[in-house]
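These notes concern the structure reproduced below.
Everything numeric here is computed off the predicted structure, so don't read it as measured data. In listed order, ligands and their atoms are each counted from 1.
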Amino acid sequence: MTMALSISIFALLLITFTVAVASTADVDSSLLLSSNQREFDYFQLALQWPGTYCRTTHKCCQKNGCCRNSGAPQHFTIHGLWPDYNDGTWPSCCTKSNFDEKEISTLRKDLDEYWPSLSCGSPSSCHGHKGSFWGHEWEKHGTCSSPVVKDEYNYFRTGLTVYFKYNITEALSDAGYVPSNSEKYPLGGIISAIENAFHISPTVVCSGDAVKELNLCFYKDFKPRDCATRSRMDNSKTSCPKFVSLPTYDSSRLGIVGALESFVI
Ligand code: 5GP
Ligand code: 5GP
């Protein structure tokens, strides 16, 4: 009896010890998640051109900026503010700081206008659940922006501030590069217009001949710099032809305009 009791107590202690070790391992792995990845080297502001991106829209929902009654945005919108390494790679999912929409409530109007999701999809977060586009960008990229950007509010505020400082849509329009479904523009002219306006050299990603993304790179103090030479922009799949378009997207083509009150997701 005494022997049986001793065995039970031993078994209980063993289980308790095992559970304690397992949870310590969990905590350690979360610490490793953040300490494993070295500090980033520079920022990349990734912009998307809705006229191109929205062509992939097949359904509408409230959060999809392509589906607005006023039509898709006619300006570049923000995809993300991404911390990068000089070798063309980047850190991701650096801490377990979950996205909290309440923290950015005061930025909401600007985010809806200039950093909207152009899709109905719910991207995965770093930790398994599905969430918003903003949540995805914060958890995947924002959490790696330390020590320059320390929290979620500052991540989105910084993204917007840099975006407003480098008004690419306006610089292109001033140089005659306006959205059009018939014009083709020299890629070199587009790049020069931005260089002349801001002394910053963008990288451009196309889908066919349509500009899809445009990226600006910055040192950690947000002075302009070149993007890493081995980044995805040098991939031949994403490189643009000599003449490119800045198409507009007419959401009424999908019967979307005016239908938002009654859409079914
Ligand atoms: P894509 O395959 O569309 O080029 O990239 C898919 C995702 O990988 C992007 O949305 C972004 O999260 C990440 N990504 C691609 N290129 C870069 C980059 O140069 N820097 C960073 N930080 N992330 C990137
Ligand atoms: P990234 O490409 O930044 O790693 O991932 C973007 C994720 O967010 C993808 O799962 C994509 O489907 C989703 N997403 C939602 N809205 C947008 C958007 O406006 N642009 C892009 N590029 N991805 C979006």
* Asked: Looking at Y114 versus H75, is the centre-to-centre ring distance below 6.0 Å?
  ->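 Between H75 and Y114, which both carry aromatic rings, the centre distance is below 6.0 Å.
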* Take every heavy atom of H79, measure it against each atom of ligand 1, and state whether any distance is under 4.0 Å. =>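 Yes; H79 lies near enough to ligand 1 that a heavy-atom distance drops under 4.0 Å.
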* Answer with side chain, backbone, both or neither: which part of P83 has a heavy atom less than 4.0 angstrom from an atom of ligand 1? =>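 The answer is the backbone.
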Under 4.5 Å between any side-chain heavy atoms of [X] and [Y], yes or no?
{"X": "D100", "Y": "E152", "answer": "yes"}
{"X": "L214", "Y": "T203", "answer": "no"}
{"X": "V148", "Y": "T158", "answer": "no"}

* Asked: Under 4.0 Å between a Lys/Arg side-chain N and an Asp/Glu carboxylate O for K96 and E139?
  ->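 No, no charged N to carboxylate O under 4.0 Å.
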* Asked: Can E103 and R157 be counted as an ion pair, charged N to O under 4.0 angstrom?
  ->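 Result for this pair is no, no salt bridge flagged.
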Taking only heavy atoms of [X], which atoms of ligand 1 are found under 4.0 Å from at least one of them?
{"X": "K140", "answer": "7 (C), 8 (O), 11 (C), 12 (O), 13 (C)"}
{"X": "Q44", "answer": "18 (C), 19 (O), 20 (N)"}
{"X": "D84", "answer": "18 (C), 19 (O), 20 (N), 21 (C), 22 (N)"}

What's the shortest distance from [atom] to any protein heavy atom, and which residue and atom give it?
{"atom": "atom 3 (O) of ligand 2", "result": "E137 OE2, 2.7 Å"}
{"atom": "atom 21 (C) of ligand 2", "result": "Y53 OH, 3.0 Å"}
{"atom": "atom 14 (N) of ligand 2", "result": "F133 CD1, 3.6 Å"}
{"atom": "atom 7 (C) of ligand 2", "result": "P123 CB, 3.6 Å"}

Is there any N or O on [X] that sits under 3.5 Å from an N or O of ligand 2?
{"X": "L118", "value": "yes"}
{"X": "S117", "value": "yes"}
{"X": "H141", "value": "no"}

* To do: Under 4.0 Å from a heavy atom of Q48: give me the atoms of ligand 2 that qualify, with their elements.
  =>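 Listed by number with element: 18 (C), 19 (O), 20 (N), 21 (C), 22 (N).
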* **Derivation of the ring pair (Phe, Tyr, Trp, His ring centres under 6.0 Å) call for Y166 and F218** => CA-CA 12 Å; Y166 295 88; F218 302 92; 5.2 Å; yes
* Whether H79 and W82 hold their rings parallel, tilted or perpendicular, with breakpoints at 30° and 60° ->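 Ring orientation, 0 to 90° scale: perpendicular.
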* To do: Could you check whether the rings of F156 and W115 sit parallel, tilted or perpendicular, using 30° and 60° as the cut-offs?
  =>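 Ring orientation, 0 to 90° scale: tilted.
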* Asked: Do any N/O atoms on W82 end up under 3.5 angstrom from N/O atoms on ligand 1?
  ->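 Min N/O separation from ligand 1 is not below 3.5 Å for W82.
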* Asked: Are any of the N/O atoms in H136 less than 3.5 Å from those in ligand 1?
  ->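 No.
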* Tell me whether the guanidinium CZ or amine NZ of R225 lies under 6.0 angstrom from the six-membered ring centre of Y42 and within 45° of its axis. =>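 Judged by the rule, R225 and Y42 form a cation-pi pair.
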* To do: Give a yes or no on whether atom 11 (C) of ligand 2 lies under 4.0 Å from any heavy atom of the protein.
  =>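 So far as the 4.0 Å threshold goes, atom 11 (C) of ligand 2 is out of reach of every protein heavy atom.
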